[in-house]
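Structure record follows, encoded as structure tokens.
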Amino acid sequence: MTEIVSIESDGHHAARSALESCVGEGGVLIFPADTVYGIACDPLNREAIKRIYSIKGREAGKPSAVMYFSPLAMRELVSTLGPRSRQAVSALLPGPVTLVIANPERRYPLASPDDPGRLGVRLIEGPLAGARTPIFQTSANRSGEPAPRSFEELDDGVLAAVDVAIDGGELIGAPSTVVEMSRLDSEGSWEVLREGALPRGAIDQVLGATA
């Protein structure tokens, strides 16, 4: 049976603890990101990731982002980047963006199995900020259906299939903007793969300023 944790009723600390415990124990959970609700697990746990694909009815191997809730937690990863990429990460995160960065040490290969030299990363603020574990995450909907922006919009089958679900109220509903910047240092190039909550113009302005 799915454990329900309400940020409003149970508090931020209880929600962060529930997330950390579930991920640490190899479970799968639903949580409120900054844009839509996501489904998540330990990014190094192959079986938990398989569960997420099964719950969503999603094609195995499709890349997903690794999300952080603390800048300190992603410090080691950022240290492997070139100077322009580090500047871009600092300027754009935390925020409603997914940055596809160069991943020379091939960290979290299960998140990008077809191209482990690149990795999508997110860093968000909000009630779960400060959680110490990174997560493998994707939107908490069945494939092909809209991503839920509120707890009430969650698919009943998806909700019943996870171990923990954190109710964070209504979110903005727009997906994150996805930016390919893995060649920012080597070639000076970037590309907005999906425009979402952060406008393309803001991305171009920030990345152009890193030259």
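- A donor-acceptor contact closer than 3.5 angstrom links the side chains of Ser176 and Arg194.
- Arg84 and Asp185 are not joined by a salt bridge, as no carboxylate oxygen comes within less than 4.0 angstrom of a charged side-chain nitrogen.
- Residues Pro32 and Leu128 are in side-chain contact: their nearest non-hydrogen atoms beyond the backbone lie under 4.5 Å apart.
- Atom CZ of Arg142 has more than 12 neighbouring heavy atoms from other residues, nucleotides or ligands inside a 6.0 Å radius.
- Lys56 and Ser139 get closest at one heavy-atom pair: NZ-O, 2.7 Å.
- To the nearest 0.5 angstrom, Ile55 atom CD1 is 9.0 Å from Cys41 atom SG.
- We find the CG-CD1 distance between Leu93 and Ile124 to be 11.0 Å, quoted to the nearest 0.5 Å.
- In this structure, the separation between CD1 on Ile203 and CH2 on Trp190 is 10.0 Å, given to the nearest 0.5 Å.
- In this structure, Arg183 CZ and Ser189 OG are separated by 4.5 Å, a value rounded to the nearest 0.5 Å.
- Look at Glu47 and Arg51 and you find no salt bridge, because none of the NZ, NE, NH1 or NH2 atoms lies under 4.0 Å from a carboxylate O.
- Hydrophobic clustering, with ILVMFWY side chains joined whenever heavy atoms are under 4.5 angstrom apart, groups Tyr37 together with Tyr53.
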Test log, rule side chain to side chain contact (heavy atoms under 4.5 Å, CB included), inputs Val66 and Ile135: CA-CA 5 Å; Val66 173; Ile135 57 173; over 6 Å; no

Side chain to side chain contact (heavy atoms under 4.5 Å, CB included) between Val5 and Asp167, intermediate numbers included: CA-CA 6 Å; Val5 178; Asp167 183 352; over 6 Å; no

Side chain to side chain contact (heavy atoms under 4.5 Å, CB included) evaluation trace for Ile101 with Met181: CA-CA 5 Å; Ile101 60 173; Met181 47 169 273; 3.9 Å; yes

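- Between Val89 and Arg86, the closest side-chain pair of non-hydrogen atoms is not below 4.5 Å.
- In summary, Asp34 and Arg122 engage in a salt bridge, as defined by a charged side-chain N under 4.0 Å from a carboxylate O.
- Scanning all heavy atoms of the two residues, the minimum distance from Phe69 to Leu123 falls at C-CD1, 3.9 Å.
- Expressed to the nearest 0.5 Å, how far OG of Ser21 lies from CD of Glu3 amounts to 8.5 Å.
- When all heavy atoms of Asn141 and Pro146 are compared, the closest pair comes out as CB-O, 3.3 Å.
- Hydrophobic clustering (side-chain heavy atoms under 4.5 Å, transitive across Ile, Leu, Val, Met, Phe, Trp, Tyr) groups Leu184 together with Leu77.
- In this structure the side chain of Glu145 reaches within 4.5 angstrom of the side chain of Asp155, judged on heavy atoms.
- Atom OG of Ser64 is separated from atom CD1 of Ile52 by 7.5 Å, given to the nearest 0.5 angstrom.
- Around atom CD of Glu170, more than 12 heavy atoms belonging to other residues, nucleotides or ligands sit under 6.0 Å away.
- Under a hydrophobic clustering in which Ile, Leu, Val, Met, Phe, Trp and Tyr are joined whenever their side-chain heavy atoms come within less than 4.5 Å, directly or via other members, Val23 and Leu110 fall into different clusters.
- Cluster membership for Met67 and Ile166, using ILVMFWY side-chain heavy atoms within less than 4.5 angstrom, is shared.
- With respect to the salt-bridge test (charged N to carboxylate O, under 4.0 angstrom), the residues Glu59 and Lys62 do not qualify.
- Under the 4.5 Å side-chain heavy-atom criterion for ILVMFWY residues, a single connected hydrophobic cluster contains both Val162 and Phe136.
- Closest approach of Pro134 and Pro43 over heavy atoms only: O-CD, 3.4 Å.
- A pairwise comparison of heavy atoms in Pro148 and Leu154 identifies CG-CD2, 3.6 Å as the closest pair.
- The environment of CD in Gln205 is sparse: at most 12 heavy-atom neighbours from other residues, nucleotides or ligands sit within 6.0 Å.
- A salt bridge does not link Asp115 to Arg106: none of the charged side-chain nitrogens sits closer than 4.0 Å to a carboxylate oxygen.
- Counting heavy atoms from C-beta outward, Val179 and Val100 have side chains that stay 4.5 Å or more apart.
- Residues Leu81 and Ala102 approach most closely at CD2-O, 3.3 Å, considering heavy atoms.
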From CA spacing to verdict: side chain to side chain contact (heavy atoms under 4.5 Å, CB included), Val164, Leu19: CA-CA 8 Å; Val164 173; Leu19 182 148; over 6 Å; no

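- With no hydrogens or angles considered, no side-chain donor-acceptor pair links Arg16 and Thr133 at under 3.5 Å.
- Results of the side chain to side chain contact (heavy atoms under 4.5 Å, CB included) test with Glu180 over Leu193, Val192, Leu99 single out Leu193 as the only residue that passes.
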